[in-house]
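First the structure, in the form of structure tokens, and then the observations on it.
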Protein chains: 2
Amino acid sequence: MNPKQMERYLKTIGDQSRLQLLKALEQKPLCICDLNTLLDVSQPAISQHMHRLKSDEIVLNERRGRWVYWSLNHSHPYYFLLLELLKVLPVPTIECSEEENPCK
Amino acid sequence: MNPKQMERYLKTIGDQSRLQLLKALEQKPLCICDLNTLLDVSQPAISQHMHRLKSDEIVLNERRGRWVYWSLNHSHPYYFLLLELLKVLPVPTIECSEEENPCK
DNA sequence: ATATCATATAAGTTCAGGCTTATATGTTCA
DNA sequence: TGAACATATAAGCCTGAACTTATATGATAT
């Protein structure tokens, strides 16, 4: 790995919004509308963050009907290093039950 | 640690110039003029990078006469995580002997 | 088929930060 | 003391990226 590639990886995870999204996904796979209850930004912003993470293969996604579910890529070379970083972050509050999140 | 603080740390190390500077310091303490032979940027740029790293306590510095020597801070909470990242980077070529570097 | 809902893409704005050059500060030594 | 050298600070430029709103795409279900 060269410095430029490592910079790219660190810039991808080095964003407070994406760190919170990753922390939420550490618990379980979630769709965009679940993740949208976590941060105070627009739906396109969430989508853009997730695609940035995907372009670096840090997360995986899978469509299930109308929803696209996102999860951590356990096979990423820095998956364990990422877990080490996420360890010290607070678990965010996500609303993903039918009663709480109107998207279900 | 909150997401904003972690973002700050990752942004500090997530720069290809600073990664190369850190990799060089992993080998041994060096002064600005040594580090200046490593990257193709100006002396003020090196100085600014080092002060950014110092403000996050990732490196330490110590004046010895005209020179200021910089070293990794082994007591930083993420020192070992940093070593893990630096492990995969190539060791840069630094000129710091009297013959090679005119600053000595 | 078409309305509805979830997600993605496009385009534009704003702001942080990494560089530059110019200059100031600090140290040594004749 | 002042010249020479190492480093730091100041100010300005330019690019990338993190948002926004508007709109397009894709899937389900009536």
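So that the names make sense, note that chain A is the first sequence line, chain B the second, and so on, each numbered from 1. Computed from a predicted structure; not experimentally measured.
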From [atom1] of [X] over to [atom2] of [N], roughly how many Å is that when rounded to an integer?
| X | N | atom1 | atom2 | value |
| --- | --- | --- | --- | --- |
| B:Arg52 | D:dA8 | CZ | P | 17 Å |
| B:Trp70 | D:dA6 | CH2 | P | 17 Å |
| A:Ile46 | C:dT9 | CD1 | C1' | 16 Å |
| B:His51 | D:dA8 | NE2 | P | 4 Å |
| B:Leu21 | C:dG18 | CG | P | 12 Å |
| B:Trp67 | C:dT28 | CH2 | P | 9 Å |
| A:Leu53 | D:dA17 | CG | P | 14 Å |
| B:Tyr69 | C:dG26 | OH | P | 21 Å |

Do you know the tightest heavy-atom contact between [X] and [Y]?
| X | Y | result |
| --- | --- | --- |
| A:Leu19 | A:Leu86 | O-CD2, 3.9 Å |
| B:Leu60 | B:Asn73 | CG-CB, 3.7 Å |
| A:Glu7 | B:Gly14 | CG-O, 3.5 Å |
| A:Val59 | A:Lys54 | CG2-N, 3.6 Å |

Just so I know, are the side chains of B:Leu85 and A:Leu10 near enough to count as touching, which here means a heavy-atom distance under 4.5 Å?
yes
Identify, with sequence neighbours excluded, every residue that meets salt bridge (Lys or Arg N to Asp or Glu O under 4.0 Å) alongside B:Glu26.
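Applying salt bridge (Lys or Arg N to Asp or Glu O under 4.0 Å) to B:Glu26 gives B:Lys23.
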Partner set under salt bridge (Lys or Arg N to Asp or Glu O under 4.0 Å) for B:Arg8, not counting sequence neighbours:
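Once residues adjacent in sequence are excluded, the partners of B:Arg8 under the salt bridge (Lys or Arg N to Asp or Glu O under 4.0 Å) criterion are B:Asp56.
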Have a look at the helix from C:dA1-D:dT30 to C:dA30-D:dT1 and give the angle its two end axes make, five pairs each, rounded to 10 degrees.
20°
Not counting sequence neighbours, list each pair that qualifies as a ring pair (Phe, Tyr, Trp, His ring centres under 6.0 Å) and has a residue in residues 4-45 of chain B.
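Listed by first then second residue: B:Tyr9-B:His76, B:Tyr9-B:Tyr78.
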Produce the list of close N/O pairs, under 3.5 Å, pairing protein atoms with atoms of nucleotides 24-30 of chain D; give distances to one decimal.
none

For this output row, return yes or no: ring centroids of B:Trp70 and B:His49 closer than 6.0 angstrom.
no
Please compare A:Lys11 and A:Met50 by the position of their nearest nucleotide in DNA chain C and report the one closer to 5'.
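Nearer the 5' end of the strand: A:Met50.
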For the side chain of A:Arg18 and the backbone of A:Thr12, is there at least one donor-acceptor N/O pair under 3.5 Å apart?
yes
Pairs: protein N or O with nucleotides 19-22 of chain C N or O, under 3.5 Å:
| residue | atom | partner | partner atom | Å |
| --- | --- | --- | --- | --- |
| C:dC19 | OP1 | B:Ser17 | OG | 3.1 |
| C:dC19 | OP2 | B:His49 | NE2 | 2.0 |
| C:dT20 | OP2 | B:Ser42 | N | 3.0 |
| C:dT20 | OP2 | B:Ser42 | OG | 2.7 |
| C:dT20 | O4 | B:Gln48 | NE2 | 3.2 |

Answer yes or no: does atom CD of B:Glu57 have more than 12 heavy-atom neighbours from other residues, nucleotides or ligands under 6.0 Å?
no
